[in-house]
Trainee: 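Okay, handing you the structure first.
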Amino acid sequence: MNFLKKLILGLTPPLWSKKIAPLIKYKSLRRRKYKGYNPAGGFSYKLYPYVNLVKTWTNINVKNVFEIGANFAQDADFLREAFGLAPKDVYVFEAHPDIFKAVTQIHSFNAYHNAVFNENREIAFNILPLDYRDTGWSSIHAMGHKTQEVKVQAIRMDGFMEAHSVGKIDFLKIDVEGATYEVLEGFGKRLKDVNCIQLEAEHGEVNFPGHWNLYDKIEHILKENDFELALFERNEGMRQSDSFWVQKDCIKYAQL
């Protein structure tokens, strides 16, 4: 009886609500399709608060999802399902050549083997092997690990949006290990054509080589382009945070 009680208690919140129920509700969270790979970032249910914010507190009708620094596009897949989109409505960008190849085999999204940046040119990109414990560490920056340098074509997003006739980006996710500010710069004036952004940013001293633009600069460029901070998450002592930003005219303010 004690065992049964412990089992039942173990299936109640937060375990049930945070881990088991989402797996039942969202097929995209089941990892069979990633067998043999090591997707970074854990289960994509961590994005659910952002989905809920969009559906509850904004007037955004999500018709497309863009993910920059997609890894195996597991987060893009969750967002696709959460917003009821088709694969053709999802755009993912991944600079790691081996991960990009896997993305094209796993998903039928619009996938691009590019590093999104603030310039259109070939750049050096630092990658880690697919069997490394965290495939999300690849970056334009040297990461202090035994990375391999590869050449990849970098693109600006304003040029991409123009070339592909993208009028609006409804939901943008950015996870690029220290290059978030450069990605935002690459949108130019088209940054105001993005309705909401979920992004990762660095804080304080970064113990890696090179110059990293930190959260304060990212906050500044977003506020300059009429974004409001809707959610901020950072564990104590962590050098990174996750935040969610929404264009001011997309927010549904409470009527007092």
Side-chain angles (χ1 to χ4, degrees), residues 13-14 17-19 22 26 29 39-60 62 65-71 74-76 78-79 82-83 93 116 118 134 136-137 139-141 143 157 168-187 190-208 211-254 256:
S17 62
K18 289 188 175 181
K19 297 201 173 181
Y26 296 106
L29 297 181
F43 287 100
S44 300
Y45 63 76
K46 294 176 182 177
L47 293 173
Y48 190 75
Y50 310 116
V51 172
N52 188 52
L53 274 171
V54 170
K55 291 182 176 181
T56 306
W57 295 106
T58 79
N59 57 25
I60 302 170
V62 176
V65 165
F66 280 63
E67 184 176 21
I68 297 172
N71 198 244
Q74 65 273 22
D75 288 343
F78 171 74
L79 292 170
F83 290 116
F93 301 81
V116 178
N118 56 5
D134 189 347
W137 278 80
S139 173
I140 64 167
H141 297 293
M143 300 294 290
M157 281 303 293
K168 285 277 188 180
I169 294 178
D170 292 321
F171 194 110
L172 171 64
K173 181 180 183 294
I174 305 173
D175 188 347
V176 288
E177 299 302 324
T180 299
Y181 182 78
E182 288 83 356
V183 169
L184 296 172
E185 274 193 316
F187 276 88
R190 298 301 306 275
L191 190 54
K192 290 186 177 181
D193 291 324
V194 181
N195 285 332
C196 66
I197 307 174
Q198 193 276 319
L199 59 85
E200 180 184 85
E202 282 68 34
H203 296 256
E205 184 178 350
V206 178
N207 297 316
F208 296 129
H211 174 71
W212 292 48
N213 287 303
L214 303 180
Y215 178 84
D216 56 344
K217 288 195 70 173
I218 293 165
E219 179 183 45
H220 181 73
I221 193 173
L222 289 170
K223 287 185 174 180
E224 271 193 331
N225 284 275
D226 297 330
F227 284 92
E228 288 278 5
L229 178 62
L231 185 62
F232 180 88
E233 298 177 298
R234 182 188 179 194
N235 292 333
E236 186 177 352
M238 290 292 289
R239 68 176 181 86
Q240 293 177 320
S241 66
D242 288 291
S243 55
F244 189 63
W245 299 81
V246 182
Q247 278 282 339
K248 289 179 181 179
D249 61 2
C250 293
I251 299 171
K252 294 193 294 188
Y253 292 96
L256 300 179

Trainee: Side chain to side chain contact (heavy atoms under 4.5 Å, CB included) with Ser243: which residues, sequence neighbours excluded?
Mentor: Leu199, Tyr215, Leu229, Phe232, Trp245

Trainee: Show your reasoning for whether side-chain contact (heavy atoms from CB on, under 4.5 Å) applies to Val54 and Val62.
Mentor: CA-CA 8 Å; Val54 170; Val62 176; 3.8 Å; yes

Trainee: According to side chain to side chain contact (heavy atoms under 4.5 Å, CB included), who are the partners of Asp249, at least two apart in sequence or on a separate chain?
Mentor: Gln247

Trainee: Of all residues at least two apart in sequence or in a different chain, which pass the side chain to side chain contact (heavy atoms under 4.5 Å, CB included) check with Glu200?
Mentor: Asp175, Glu177, Glu202, Gln240, Asp242

Trainee: Not counting sequence neighbours, which residues clear salt bridge (Lys or Arg N to Asp or Glu O under 4.0 Å) with Lys223? List them please.
Mentor: Glu219

Trainee: Please round to the nearest 0.5 Å and tell me the distance separating atom CG of Asp193 and atom CG of Asn225.
Mentor: 10.0 Å

Trainee: Could you give the distance from CD (Gln198) to CG (Leu53), rounded to the nearest 0.5 Å?
Mentor: 11.0 Å

Trainee: In chain order, what residues pass the salt bridge (Lys or Arg N to Asp or Glu O under 4.0 Å) check against Lys192, with sequence neighbours excluded?
Mentor: Asp226

Trainee: For residues His220 and Asp216, determine if any side-chain heavy atom of one lies less than 4.5 Å from a side-chain heavy atom of the other.
Mentor: no

Trainee: Mind checking whether Ile197 and Leu191 have side chains closer than 4.5 Å, heavy atoms only?
Mentor: yes

Trainee: Roughly how far apart are Met157 CE and Leu172 CG, rounded to 0.5 Å?
Mentor: 7.0 Å

Trainee: Does a side-chain heavy-atom distance below 4.5 Å link Ile68 with Lys173?
Mentor: no

Trainee: How far does CG of Asn71 sit from CD of Gln74, to the nearest 0.5 angstrom?
Mentor: 4.5 Å

Trainee: Just how far is it from atom CD1 of Ile218 to atom CG of Asn213, taken to the nearest 0.5 Å?
Mentor: 7.5 Å

Trainee: Restricting to ring-ring contact (aromatic ring centres under 6.0 Å, His included), what partner residues turn up for Phe244, sequence neighbours left out?
Mentor: Tyr50, Phe171

Trainee: Tell me the closest heavy-atom pair linking Val183 and Val116, and the distance in Å.
Mentor: CG2-O, 3.3 Å

Trainee: If I compare all heavy atoms of His203 with all of Ser241, which pair ends up nearest, and what's the gap?
Mentor: NE2-OG, 2.7 Å

Trainee: Using side chain to side chain contact (heavy atoms under 4.5 Å, CB included) as the criterion, list what pairs up with Ala179, not counting sequence neighbours.
Mentor: Ile140, Val176, Glu182

Trainee: Enter the distance from Phe227:CZ to Ile251:CD1 here, rounded to the nearest 0.5 Å.
Mentor: 10.0 Å

Trainee: Name all residues meeting the ring-ring contact (aromatic ring centres under 6.0 Å, His included) criterion together with Phe187; count only those two or more places apart in sequence or in a different chain, and write none if there are none.
Mentor: none

Trainee: Partners of Asn59 by side-chain hydrogen bond (donor to acceptor under 3.5 Å, both in side chains), sequence neighbours excluded?
Mentor: none

Trainee: Hey, does Thr58 have a side-chain heavy atom less than 4.5 Å from the side chain of Lys252?
Mentor: no

